[in-house]
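Worksheet: the structure to be examined is printed underneath.
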Amino acid sequence: MSHHLPDSNSGDALSVRAEGRDLQALFMNSQRKLDLAIYAHIHHPTMRYINLGASFQKGAQFDYTKADERLILNPGSVG
């Protein structure tokens, strides 16, 4: 759980338009393998999955058994 990125507390890097590779930073600085990241910097409720192994798989022959999918949640604004 974080307000924004682990090493940054400002900017639009976690917007709802962000590419999956941009959101990978939510998982990279942990000493443990995280399945879920929750952040709140962008006040727009969001639930999405990213595949940390996407750069290794391309094209129509996507192998879901090799996917490394993680869940990202943003509860949005409390207002």
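Predicted, not measured: the structure shown is a model, and the values here were computed from it.
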To the nearest 0.5 Å, atom CD of Gln24 lies from atom CG of Leu52 at 5.0 Å

Does some side-chain heavy atom of Arg17 sit less than 4.5 Å from a side-chain heavy atom of Ile42? no

Got a sec, which residues hit ring pair (Phe, Tyr, Trp, His ring centres under 6.0 Å) with His44, two or more places apart in sequence or on another chain? none

Evaluate side-chain contact (heavy atoms from CB on, under 4.5 Å) for Ile72 paired with Tyr39, printing each intermediate quantity in order. CA-CA 8 Å; Ile72 298 175; Tyr39 71 98; 3.4 Å; yes

Same cluster for Leu23 and Val16 if Ile/Leu/Val/Met/Phe/Trp/Tyr side chains link at under 4.5 Å? no

Report the residues that fulfil side-chain contact (heavy atoms from CB on, under 4.5 Å) with Leu71, sequence neighbours left out, ordered by chain and then residue number. Leu36, Met47, Tyr49, Leu73

Distance-minimising heavy-atom pair for Phe27 and Ile50: CE1-CD1, 3.9 Å

Closest non-hydrogen atom pair, Ala13 against Leu5: CB-CD1, 3.8 Å

Step by step, work out the side-chain contact (heavy atoms from CB on, under 4.5 Å) result for Arg70 and Leu26. CA-CA 10 Å; Arg70 311 291 176 93; Leu26 291 168; over 6 Å; no

How are the rings of His41 and His4 set to each other: parallel, tilted or perpendicular (split at 30° and 60°)? tilted

If hydrophobic clusters are built by linking Ile, Leu, Val, Met, Phe, Trp and Tyr wherever their side-chain heavy atoms come under 4.5 Å apart, do Leu14 and Met28 end up in the same one? yes

When rounded to the nearest 0.5 angstrom, what distance separates CZ in Arg48 from CD in Glu69? 12.5 Å

For His43, all residues meeting side chain to side chain donor-acceptor pair (under 3.5 Å), sequence neighbours excluded: none

